[in-house]
Chemist: 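First the structure, which I've put down as structure tokens, then a few questions once you've had a look.
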Amino acid sequence: ALGAALIGLLSILEYALGLDLGLDQALFREGLEAVQTASPGRMSVITAVLFAFLGSALLLSGRGGGAALVSEALTGAAALASYLALSGYLFGVQEFFRLGPTTAIALHTSILFLAAAASLVLGQQGSRIVSALCGPQKASMVLRWLLPAILLLLPALAWLRILGEKAGLYGTAAGIWIQLSFSMVLLSGITIQGAWTLARADEREAGQARLLKLVMDSIGEGIVVADSRMVFTRFNPAAERILGLGMAEASVDKWQETYGVFQPDKITPFPQDRFPLVRALAGEDVDGDEQFIRHRGRLPVQGTRLQQF
């Protein structure tokens, strides 16, 4: 990774300063008759940038924090540049794969860099891109429906339109309208299919929520559910009966005051960091903990064991 990044940066330096560092033909000699080559043996500016970006991204991957964000940004930029170069060959737009009089990036090189960028994204542990695409969330479902159409089908429609114009089947105005019409039909169909899929997912979730509520309501032991932010999401009737209070919008530092939670001696306030839910969300085993509940509006009762979910 370091070698690739250095080679790319040195090649960019050669172009920027008009230098010849001896890298261009160190391993292989290129004849003067080579096509789309401004400097024999030298990679294109686009290729050099891609080497620098992907090499740096690979060095930073897996380090977490800001380094991971920079790695993802560099990988995304490399994928975009490769995709544009490939599109340039597909549509015959030289400016996409060659900058001015410099050497052009080859077709196979743009394909390989695009594959390398995709592999780097998929191989990064905890990548936000992978999480967004492969997650079970509804947003991920929408992305999986739309991205193939945006990245593959829409460019394919544009390419077919250009082929038809070159073959003399229709003029530019008709070609634009044909492409627009097919694009609208395609995206409308994908949107409708996606909406139907999301509606089915909502129905399944609603059914599961109803079933969960019935099961929880039928259990005689108190069940309290909280999310990772320590926010209560569900109390079953047994929990409300045991605590003498329903689900309150209280932060974790207010639990002791709101619910009147004391240690088994019935005097000492229960410490915040020892609440069973706090410990359970931290991965501890808290089965068997006891608390004493005493607050305004109810008689003191003995605490009971809490099963954590």
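The structure displayed is predicted, hence computed values, not measured ones.
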Chemist: Specify the closest pair of heavy atoms between F96 and L84, including all atoms of both residues, with the distance to one decimal.
Modeler: CB-O, 3.2 Å

Chemist: Between S56 and F53, is there a donor-acceptor pair closer than 3.5 Å when you use the side chain of the first and the backbone of the second?
Modeler: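 No, the answer is negative, given that no donor and acceptor are paired below the 3.5 Å cut-off.
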
Chemist: Within a strict 4.5 Å, meaning less than it, do heavy atoms of the I111 and L107 side chains meet?
Modeler: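 Yes. Closest side-chain heavy atoms under 4.5 Å.
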
Chemist: Is it the case that one hydrophobic cluster holds both L160 and F91, taking links as side-chain heavy atoms less than 4.5 Å apart, direct or via other members?
Modeler: yes

Chemist: Find the distance between OG1 (T75) and CG (L120) and round it off to the nearest 0.5 Å.
Modeler: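 Result: 4.0 Å between the selected atoms.
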
Chemist: What distance separates L99 CG from F97 CZ, expressed to the nearest 0.5 Å?
Modeler: 11.0 Å

Chemist: If hydrophobic clusters are built from ILVMFWY residues whose side chains come within less than 4.5 Å, do L59 and L6 share one?
Modeler: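 Yes; L6 is reachable from L59 via cluster members.
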
Chemist: What heavy-atom pair brings P271 and Q263 nearest, and what distance separates the two atoms?
Modeler: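 Here P271 and Q263 meet closest at CD-NE2, 3.5 Å.
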
Chemist: Are any side-chain N or O atoms of N236 and backbone N or O atoms of E221, one a donor and one an acceptor, separated by less than 3.5 Å?
Modeler: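 Yes, N236 side chain to E221 backbone: donor-acceptor pair under 3.5 Å.
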
Chemist: Is it true that L169 and F182 fall in one hydrophobic cluster, defined by side-chain heavy atoms closer than 4.5 Å?
Modeler: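 Linked, L169 and F182 end up in one cluster.
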
Chemist: Do W159 and P155 touch side chain to side chain, with heavy atoms closer than 4.5 Å?
Modeler: no

Chemist: Do S183 and L154 come close enough that some side-chain heavy atom pair is under 4.5 Å?
Modeler: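 Side-chain contact under 4.5 Å: yes.
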
Chemist: Answer yes or no: is there a side-chain heavy-atom contact under 4.5 Å between T109 and I46?
Modeler: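 Not in contact.
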
Chemist: So which heavy atom on A158 is nearest to which on Q179, and how close?
Modeler: CB-NE2, 3.4 Å

Chemist: Between OH of Y83 and CG of L151, what distance do you get to the nearest 0.5 Å?
Modeler: 5.5 Å

Chemist: To the nearest 0.5 Å, what is the distance between CG on L74 and CG on L58?
Modeler: 11.5 Å

Chemist: Surrounding CZ of F51 (heavy atoms of other residues, nucleotides or ligands, distance under 6.0 Å), is the total greater than 12?
Modeler: no

Chemist: Taking all non-hydrogen atoms of both residues, which atom of S11 and which atom of A48 are closest, and how far apart?
Modeler: CB-CB, 3.7 Å

Chemist: If the plane angle is over 60° it's perpendicular, under 30° parallel, otherwise tilted; pick one for F275 and F270.
Modeler: tilted

Chemist: I'd like to check W145 versus T197 (side-chain heavy atoms, cut-off strictly below 4.5 Å). Are they in contact?
Modeler: yes

Chemist: Under 3.5 Å, side chain of S71 to main-chain N/O of A67, donor-acceptor pair present?
Modeler: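 No.
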
Chemist: Could you walk me through whether I162 and K166 pass side-chain contact (heavy atoms from CB on, under 4.5 Å), step by step?
Modeler: CA-CA 6 Å; I162 292 175; K166 290 182 177 180; 3.7 Å; yes

Chemist: Treat each ILVMFWY residue as a node, draw an edge where side-chain heavy atoms are under 4.5 Å apart, and state whether L112 and V121 are in one component.
Modeler: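 No; V121 is not reachable from L112 via cluster members.
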
Chemist: With distance as the sole test, does Y170 use its side chain to make a donor-acceptor pair with the main-chain N or O of R161 at under 3.5 Å?
Modeler: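 Here the side-chain-to-backbone pair exists.
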
Chemist: Taking everything shown except F232 itself, do over 12 heavy atoms lie less than 6.0 Å from its CZ?
Modeler: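 Correct, the count exceeds 12.
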
Chemist: To the nearest 0.5 angstrom, please state how far the OG atom of S110 sits from the CD1 atom of I105.
Modeler: 5.5 Å

Chemist: With clusters defined by side-chain heavy atoms of hydrophobic residues (ILVMFWY) lying less than 4.5 Å apart, directly or transitively, does V93 cluster with L90?
Modeler: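 Looking at the clustering, V93 is in the same group as L90.
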
Chemist: Atom CZ in R98, atom OH in Y89: separation rounded to 0.5 Å?
Modeler: 9.0 Å

Chemist: Can you name the closest pair of heavy atoms from A116 and L54 and give their distance?
Modeler: CB-CD1, 4.0 Å

